[in-house]
Protein chains: 4
Amino acid sequence: MAAQKSTQPAKPAPDSTRRSEKSRRAIYDAALALVVEVGYPKTTVEGIAARAGVGKQTIYRWWSSKADVLMEAFLDLGEQSMREAGPVPYVFPDTGDLAADVKGVLRATVDQLRDPRFEVPSRALAAEGVVNEQLGRELVAKLMQPSLDLYIGRLRAAQDAGQVRPEIDPRIALEFFISPLAQRWLQHTGPISYEYTDTLVDYALHGLAPR
Amino acid sequence: MAAQKSTQPAKPAPDSTRRSEKSRRAIYDAALALVVEVGYPKTTVEGIAARAGVGKQTIYRWWSSKADVLMEAFLDLGEQSMREAGPVPYVFPDTGDLAADVKGVLRATVDQLRDPRFEVPSRALAAEGVVNEQLGRELVAKLMQPSLDLYIGRLRAAQDAGQVRPEIDPRIALEFFISPLAQRWLQHTGPISYEYTDTLVDYALHGLAPR
Amino acid sequence: MAAQKSTQPAKPAPDSTRRSEKSRRAIYDAALALVVEVGYPKTTVEGIAARAGVGKQTIYRWWSSKADVLMEAFLDLGEQSMREAGPVPYVFPDTGDLAADVKGVLRATVDQLRDPRFEVPSRALAAEGVVNEQLGRELVAKLMQPSLDLYIGRLRAAQDAGQVRPEIDPRIALEFFISPLAQRWLQHTGPISYEYTDTLVDYALHGLAPR
Amino acid sequence: MAAQKSTQPAKPAPDSTRRSEKSRRAIYDAALALVVEVGYPKTTVEGIAARAGVGKQTIYRWWSSKADVLMEAFLDLGEQSMREAGPVPYVFPDTGDLAADVKGVLRATVDQLRDPRFEVPSRALAAEGVVNEQLGRELVAKLMQPSLDLYIGRLRAAQDAGQVRPEIDPRIALEFFISPLAQRWLQHTGPISYEYTDTLVDYALHGLAPR
DNA sequence: AGTTAATCGAGACGGTACGTCACGTCTTTGC
DNA sequence: GCAAAGACGTGACGTACCGTCTCGATTAACT
């Protein structure tokens, strides 16, 4: 086999086994708190470091930018609340009634979009992702894709049950539920309510159902 | 009615009649060019001023922020290209075939989303609008609403022609065409193509049409 | 006449006519005070800026380093105290008695070397000059040379009066008065006192006088 | 009297019997090399450790500062070259001709002051000693005093031989030879040459000799 | 020879200061 | 009399070293 000499002679790459778990936690907490309190643009690396009681270099050693820190912090927050939520958290309900199931999930999403603990950081990350494609793709892959896959699974089940036309591509169909809500939220193009998401589901399923 | 002198004792309020048209143009051009060339975050007020051959104060006198400058510049760009486009710019095609009409408009939108002259500044503004609600609302009102109204008009006409169920709310229905595309573009959640927008229209209209 | 286009395309070179005199004074004062209070190594550009109520950039705009600031500050201090001292401050006494004249001047020098207002900054500058040849030469030229010239003048007068052998080079002879004192002071090689400098003069003049 | 174990409860005081000789050598070499290559201010403890292939703590365990390391390294360099020089290193020539003897020694000093292997580190140490009195005194005691004592010895011999007036204090007289040269070198106040030191000796001895 | 304890290379850590960049305000100068 | 030019106080950037603090892995002295 060929030699596997390292390929980046520039920076020595820190030794992650020696990493301070305490500092990481403190940095996550500080970053999330600051974003919520003062907003993303006024959140600075210096501020995070100071609040976390940590040297700036400790941040730059492990992350490349403010956005990077915040993304990991947010991901960690998600994992944390999931761990708290119990052992079988993430499945899409399947009662047989597609409309009701989707409406339920969307209502939960609406709740989350309104919780400032989630709203402010997600908004900040989403904004960053709009402009920074690499970070945007990471966000999608790590934060959104898991949920989207659940939608796809549920829609496939509905197709098997004959409730959705078989020629429909579930990866596109799910956008009818998610994208309008996402856009209203992201761009403030309209109010967000249970009534609205329910309507969305009704209109959309009408088009997906067999005639 | 009497004169309506505004009453701001704080700042002398610049006299807009004396404003230099040449400077304004130069600032617009510089702002757009810089955003396209180096990206929004690296575009600075100082850079715009230098490139426009203008004092910084001349920018701060008339605009409140980098985002503000860029928004006006972008609006101006829109008006300009519309003026160039000739005397009949702002109507939604109505050939009687709703699907074809919408597909055509969406294909034009796809083209625009891919033109870097438009893409980079719009992305920058959209990102800013995600985080800055006030600017976001302004963006929607000034840049998006006119187009949305055209969709609404066309959908109403389709309802009158019996091609769309009368109980459908056109302001929600239009989101089935626009939001999935918008989200794919904004969040890089998927590829954008004529085929994609065509499929969107087909799926959506299936749900809107009377049974 | 030939064109006189600027030759440094790199940095725009600040406009010294717009320079803030108040800031300069504040910076000089802060630099000298800090050096005396906390010593040269613990004096930082940041500290000077903070104490002077000035932005760091204002320092870096006009000086290239901490040592540079301190040198100008010290020079300014010298000019200032000279201006205060009256209109004809800087002449070497010439009573006809060379030994007495030189002893008097050296005693004044001893006094100055012990005044902390002068001692700490001069020591710092001297140290810097030992290692940084360019700054060292500047120091010698601006701070020491004027005094040395006065010695040379007095020695020449003594030669004319037949008190010093004519073949003696005054530029070397003066080092017998100055260098031992300088070295004792700089390198802490011995105590400094009037008695010491008097002895120096006696020994040295013995060698300079005609037989 | 009883044992005189020092009482420092704070630090366990490293056990010098276990000290790694190899590391010490490597640190000396690295320190001297770096000072010559990049100059004293750009020489860092981190750099010395890296170049010596040694942990930073190994430096801080045995030395208190960069200057401290450099001083020991330089002292060691001196001892080393003396050991190489053979068994009769440390005597002042005494041919009976005081002028010739002193001129010879000063010429050797001039040579040394120009050898970069010595010049750069000595300059750095001298500069440090100017500002840091404690280190300055150490330097004088360890590096200069031995040589000075030799001068004193030679001058005493000259007094015994009637070549120097008996009331002259040799500790002051020697400064006429050494200080002017030292100052020229330290402060770049003038060129250094054999001719110069020869002149110095001539002028000075003229003053020291009996009439 | 095996045990034990200190030193060793390594480098992450909380900090401080660096020198640079851009901010938004304020002042001077020239057209 | 406005606007270009740009100096100013401010504050964050990302980097370099500081001196301290763990980590195994030697390594040398003492059972």
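Just so we're on the same page: letters track the sequence lines, and every chain starts at 1.
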Over all strands shown, is Gly53(C) touching base, sugar-phosphate only, or nothing at heavy-atom distances under 4.0 angstrom? sugar-phosphate
Please report the shortest heavy-atom distance between Ser23(D) and Thr58(D), naming the atom on each side.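 Of all heavy-atom pairs spanning Ser23(D) and Thr58(D), the closest is CB-CG2, 4.4 Å.
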Considering all heavy atoms of both residues, which atom of Leu70(D) and which atom of Ala124(D) are nearest to each other, and what is their separation?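 In this case the closest contact between Leu70(D) and Ala124(D) is CD2-CB, 4.1 Å.
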Rounding to a whole Å, what distance do you find between [X]:[atom1] and [N]:[atom2]?
X	N	atom1	atom2	result
Glu46(A)	dA17(E)	CD	P	13 Å
Trp63(B)	dG24(E)	CH2	P	14 Å
Asp68(C)	dG19(E)	CG	P	12 Å
Ile59(A)	dA12(E)	CD1	P	16 Å
Arg51(D)	dG9(E)	CZ	C1'	18 Å
Asp15(C)	dT28(E)	CG	C1'	9 Å
Lys42(A)	dC13(F)	NZ	P	14 Å
Lys66(B)	dC21(E)	NZ	C1'	13 Å

Donor/acceptor link under 3.5 angstrom from Lys56(A) side chain onto base of dG14(F):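 Side chain to base: pair present.
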Can a donor-acceptor pair under 3.5 Å be found between the side-chain atoms of Gln57(C) and the base atoms of dC21(E)? yes
Please figure out whether Ser64(A) or Thr17(D) has its closest DNA chain F nucleotide nearer the 5' end. Ser64(A)
Which residue, Ala52(C) or Thr43(D), contacts DNA chain F at a nucleotide closer to its 5' end, judged by nearest heavy atom? Ala52(C)
salt_bridge(Arg51(A), Asp29(A)) N-O dist < 4.0 Å: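 No.
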More than 12 heavy atoms of other residues, nucleotides or ligands under 6.0 Å from CD of Gln134(C): is that the case?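 No, not enclosed.
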Look at [X] and [N] and indicate whether a side-chain polar atom (N or O) is within less than 4.0 Å of OP1 or OP2.
X	N	result
Trp62(C)	dC8(F)	yes
Thr58(C)	dG9(F)	yes
Arg61(D)	dC8(E)	yes

Could you tell me if the side chain of Trp62(C) sits less than 4.5 Å from the side chain of Glu72(C), heavy atoms only? no
Do Trp63(B) and Ile27(B) come close enough that some side-chain heavy atom pair is under 4.5 Å?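 With C-beta onward as the side chain, the pair touches.
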For the side chain of [X], starting at C-beta, report the closest nucleotide among [options].
X	options	result
Val45(B)	dG24(E), dT20(F), dG14(E)	dG24(E)
Arg19(A)	dC13(E), dG19(E), dG14(F)	dC13(E)
Ser23(B)	dA4(F), dC13(E), dC8(F)	dA4(F)
Arg18(D)	dC13(E), dC18(F), dA5(E)	dA5(E)

By nearest heavy atom, map Val54(A) and Ser65(C) onto DNA chain E; which one lands nearer the 5' end? Val54(A)
Assert: residue with more 5' nearest nucleotide on DNA chain E, out of Thr44(C) and Tyr60(B), is Thr44(C)
